[in-house]
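Accompanying notes for the structure given below.
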Number of protein chains: 2
Amino acid sequence: MVKYNAEHLNDVFSVLSDPTRRTIIEQLSKGERSVRELAQPFDMSLPAISKHLKVLENAGLVTHRKEGRYRYYAIQPDAMDGACEWISTLKQLWTKFEGMFCCKQKKQ
Amino acid sequence: MVKYNAEHLNDVFSVLSDPTRRTIIEQLSKGERSVRELAQPFDMSLPAISKHLKVLENAGLVTHRKEGRYRYYAIQPDAMDGACEWISTLKQLWTKFEGMFCCKQKKQ
DNA sequence: ATTATACTTAACCAAATGGTTAAATATAAT
DNA sequence: ATTATATTTAACCATTTGGTTAAGTATAAT
């Protein structure tokens, strides 16, 4: 079920506007990660990462489960569908329905 | 030519995170519009709209031409391609390449 | 029991964001 | 020439954002 309302779009696009959060999403696309693992590539304090994770979770883009003292974060793949559909719809209007898909495929 | 670098993604997603700017984009998808036309649906001062248009233009999402005392804004359709491709790439990773397209098509 | 690890919460701060009103600029109309 | 319209710029303000450090909580290891 795709959430497709203004507030959710605000949240999702806002989440994606931060490069740290995009990198976190990229990492999570390879599977579950603990907070420390997610923090590793950044020159940034752990509380900062913790905050980013909270923002990501509030927007519904990630979830976590607790295992011992670890928190494992995972991606929530459908949460971006609304945002993607919004772009898709706009693209369709611009191109006057010449293309059916959201994104151009790589030219080969 | 698709811009696909971190700063441009920051800008584009940040632009899209504001509902006023998304509405402006939606209006422009139907064609050129003057500033006053774009401002009409909002309960907001003209300088506020002017600022939003500047943000949109800085991110490359719109351009304008001047005609007399009017400024006509137009959409720059390719500017969102980078953002769209980023989402697309992520979706592909999540679904382990089960789907080739950025967005799910409407189920019928 | 003590200490170390994993992580969050709280308090704080500077900079960015999104709005305002008032004044300025440029063009058009009278 | 004067006035009206279209729009921007400037100065300001409150709120949000993204970071910090210090302290707190929960679990694991010794």
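To find a chain, count down the sequence lines: A is the first, B the second, and so on, and within it residues start at 1.
Panel note: side chain A:R33, backbone A:L38; no donor-acceptor pair is recorded below 3.5 Å. At least one donor-acceptor pair closer than 3.5 Å links the side chain of A:R22 to the backbone N or O of B:A6. A donor-acceptor contact shorter than 3.5 Å is absent between the side chain of A:Q40 and the backbone of A:E37. No side-chain donor-acceptor contact under 3.5 Å links A:S50 to the backbone of A:P47.
Distance, B:L53 CG to C:dG18 P: 13 Å, rounded to whole Å. Rounded to an integer number of Å, the gap from B:E37 CD to D:dA6 P is 10 Å. Atom OH of A:Y73 and atom P of C:dA6 are 15 Å apart (whole Å). Summarising the geometry, the separation between CD1 on A:I24 and P on D:dG18 is reported as 11 Å, rounded to the nearest angstrom. As a whole-Å value, the separation of A:E32 CD from C:dA6 P is 17 Å. Straight-line distance from the CG atom of B:N58 to the P atom of D:dT8: 13 Å, rounded to whole Å. At whole-Å resolution of the value, OH in A:Y70 and C1' in D:dA29 are 11 Å apart. Whole-Å rounding puts the B:D11 CG to C:dT17 C1' distance at 14 Å.
Scanning all heavy atoms of the two residues, the minimum distance from A:V55 to A:R21 falls at CG1-NH1, 3.8 Å. Nearest heavy atoms, B:Q27 versus B:P41: OE1-CG, 3.7 Å.
A 4.5 Å side-chain heavy-atom check between A:L16 and A:I25 finds at least one atom pair inside the cut-off. Looking at heavy atoms from C-beta onward, B:D11 lies out of side-chain contact with B:V15 at the 4.5 angstrom threshold.
Aromatic ring pairs are classed by plane angle as parallel below 30°, tilted from 30° to 60° and perpendicular above 60°; the pair B:F13 and B:W86 is perpendicular.
Looking at heavy-atom distances under 4.0 Å, A:R71 makes contact with sugar-phosphate atoms alone, never a base. Residue B:Y72 is classed as having no contact, given no heavy-atom separation below 4.0 Å to the nucleic acid. In this structure, B:S14 reaches neither bases nor backbone, as no heavy-atom distance under 4.0 Å exists between it and the strands shown.
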At a cut-off of 3.5 Å, list every protein nitrogen or oxygen paired with a nitrogen or oxygen from nucleotides 24-26 of chain D, distance to 0.1 Å.
none

Do any N or O atoms of the protein come closer than 3.5 Å to N or O atoms of nucleotides 19-25 of chain C, and which pairs are they?
from   : atom 1 : to    : atom 2 : distance (Å)
C:dG19 : OP2    : B:H52 : NE2    : 2.2
C:dG19 : N7     : B:K51 : NZ     : 3.1
C:dG19 : O6     : B:K51 : NZ     : 2.2
C:dT20 : OP1    : B:S45 : N      : 3.4
C:dT20 : OP2    : B:S45 : N      : 3.0
C:dT20 : OP2    : B:S45 : OG     : 2.6

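Looking at which nucleotide of DNA chain C each of A:I49 and B:S17 is closest to, the 5′-most match is held by A:I49.
The side chain of A:S50 places no N or O atom within less than 4.0 Å of a non-bridging phosphate oxygen (OP1 or OP2) of C:dC7.
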